[in-house]
Amino acid sequence: IEEAEKQTKEAQKALKLIDDLLIHTLSIDDAVDWEQLKNHRKFDENNPKTKLEEEVKKIKKPSLPPLKEIPKEPQMHNFTPHLTLIDKIFSSKKEQKIIEAEMKFKSAAKEWKKLKDRIDEENKKTEENYKIAVKNWEDLIAKKRAENEMVYNSWIEKEKKYYENKKKYNDKIDNLK
């Protein structure tokens, strides 16, 4: 009988423990928040197109260097000889001064023509070099745009794959409900 009473008390203690555990479990909200388990994040990798224009702006377009100016062409009236009274009286002296003035003018005109031709050639080379620099700049910009387009296409694929995987993951959670 003592043994039976002892076993009864132990059984009552065990039942009390189970009752307490059930009461405690009922007081806890153990419902699953399915929405909290889902992936709600956006694709967080930056679109490479947004950086493209910043990169392009950093590549400065070459500017045309200043071209050399051509000096004024010599004019005959600037070489007119100063004739004295004696020069006017003696025509040979007058003619001699006129011939000298014409020779000085022709020499100055010849030198000016050489200088003009040289400056024209230098300016032509400067303009050609500028055109080459602009073409290189345009090619570099086009290359950057083409590279960016490839990166952008890869980014589009990553974004698409991310949202496909996100949908699959969220659909699995919906199926567990």
Side-chain angles (χ1 to χ4, degrees), residues 1-73 111-177:
I1 292 189
E2 277 182 35
E3 183 64 30
E5 282 181 13
K6 184 179 172 188
Q7 285 181 356
T8 302
K9 282 186 182 180
E10 283 179 9
Q12 286 175 341
K13 272 186 183 177
L15 285 173
K16 172 93 168 103
L17 263 166
I18 291 172
D19 280 348
D20 290 347
L21 182 62
L22 284 173
I23 290 170
H24 176 71
T25 301
L26 291 174
S27 68
I28 295 173
D29 181 13
D30 58 355
V32 175
D33 184 357
W34 299 103
E35 286 303 310
Q36 189 178 22
L37 295 176
K38 288 183 178 182
N39 179 355
H40 296 285
R41 288 173 285 159
K42 298 213 180 284
F43 185 64
D44 63 355
E45 194 173 312
N46 291 333
N47 183 334
K49 290 248 185 211
T50 56
K51 287 198 289 184
L52 173 65
E53 290 310 314
E54 291 173 22
E55 288 180 32
V56 167
K57 284 179 186 175
K58 289 178 186 175
I59 304 170
K60 297 292 180 197
K61 182 178 181 179
S63 55
L64 179 64
L67 300 176
K68 292 185 177 180
E69 287 190 36
I70 297 171
K72 289 183 178 180
E73 184 176 4
E111 287 302 311
W112 175 85
K113 176 77 169 109
K114 283 182 192 176
L115 178 63
K116 178 190 177 299
D117 290 347
R118 191 181 50 142
I119 290 173
D120 282 342
E121 191 61 34
E122 288 175 11
N123 285 344
K124 183 179 175 184
K125 283 187 180 190
T126 298
E127 288 174 335
E128 287 171 358
N129 289 338
Y130 169 70
K131 286 178 184 177
I132 290 168
V134 168
K135 175 76 170 97
N136 290 340
W137 173 79
E138 288 170 344
D139 291 348
L140 182 60
I141 297 294
K143 181 182 175 192
K144 283 279 184 200
R145 290 189 190 284
E147 288 171 354
N148 184 270
E149 192 62 29
M150 289 172 37
V151 171
Y152 175 72
N153 289 338
S154 173
W155 178 85
I156 288 288
E157 285 302 313
K158 282 183 189 176
E159 181 187 41
K160 181 180 171 186
K161 195 76 166 163
Y162 174 81
Y163 284 111
E164 286 173 357
N165 289 337
K166 177 180 167 180
K167 183 176 179 349
K168 285 179 189 176
Y169 176 81
N170 289 343
D171 287 348
K172 281 183 184 179
I173 290 177
D174 284 340
N175 290 335
L176 290 174
K177 289 182 186 178

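Worth knowing before you read on, the calculation uses all heavy atoms, side chains too, and leaves out hydrogens, waters and symmetry mates.
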- Message: If you compare all heavy atoms of Tyr130 against all heavy atoms of Pro62, which two are closest, and at what distance to 0.1 Å?
- Response: CE1-O, 3.3 Å
- Message: For Trp112 versus Pro71, what's the shortest heavy-atom pair and its separation?
- Response: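 Taking Trp112 first and Pro71 second, the nearest heavy atoms are NE1-O, 2.7 Å.
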Determine yes or no for a side-chain-to-main-chain donor-acceptor pair under 3.5 angstrom, with [X] supplying the side chain and [Y] the backbone.
X      : Y      : value
Lys166 : Arg41  : yes
Tyr162 : Asp44  : no
Trp34  : Leu176 : no
Asn39  : Asn170 : no

- Item | Ion pair Asp171/Lys167, N-O distance below 4.0 Å | yes
- Query: Hey, are Glu35 and Lys38 close enough for a salt bridge, meaning a charged N less than 4.0 Å from a carboxylate O?
  - Reply: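 Answer for the salt bridge query: yes.
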Using residues 7-19 as the side-chain source, report each donor-acceptor pair under 3.5 Å to any protein atom, sequence neighbours left out, with the distance given to one decimal.
{"residue": "Gln7", "atom": "NE2", "partner": "Glu3", "partner atom": "OE2", "Å": "3.3"}
{"residue": "Thr8", "atom": "OG1", "partner": "Ala4", "partner atom": "O", "Å": "2.7"}
{"residue": "Lys16", "atom": "NZ", "partner": "Asp20", "partner atom": "OD1", "Å": "3.3"}

- Knowing that exactly one of Lys49, Glu157, Glu147 qualifies, which makes a side-chain contact (heavy atoms from CB on, under 4.5 Å) with Tyr152?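 Going through the options one by one, the only one that passes is Lys49.
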- With rounding to the nearest 0.5 Å, note down the distance linking NZ in Lys124 to CG in Asn129.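 Between atom NZ of Lys124 and atom CG of Asn129 there are 12.0 Å.
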- Query: Is it true that atom CD of Gln36 has more than 12 heavy atoms of other residues, nucleotides or ligands lying nearer than 6.0 Å?
  - Reply: no
- Task: May I ask you to check whether over 12 heavy atoms, not counting those of Lys161, lie within 6.0 Å of atom NZ?
- Result: no
Listing, residues 50-57 side-chain donor-acceptor contacts under 3.5 Å, not counting sequence neighbours, or none:
{"residue": "Thr50", "atom": "OG1", "partner": "Asn47", "partner atom": "O", "Å": "2.7"}
{"residue": "Glu53", "atom": "OE2", "partner": "Arg145", "partner atom": "NH1", "Å": "3.0"}

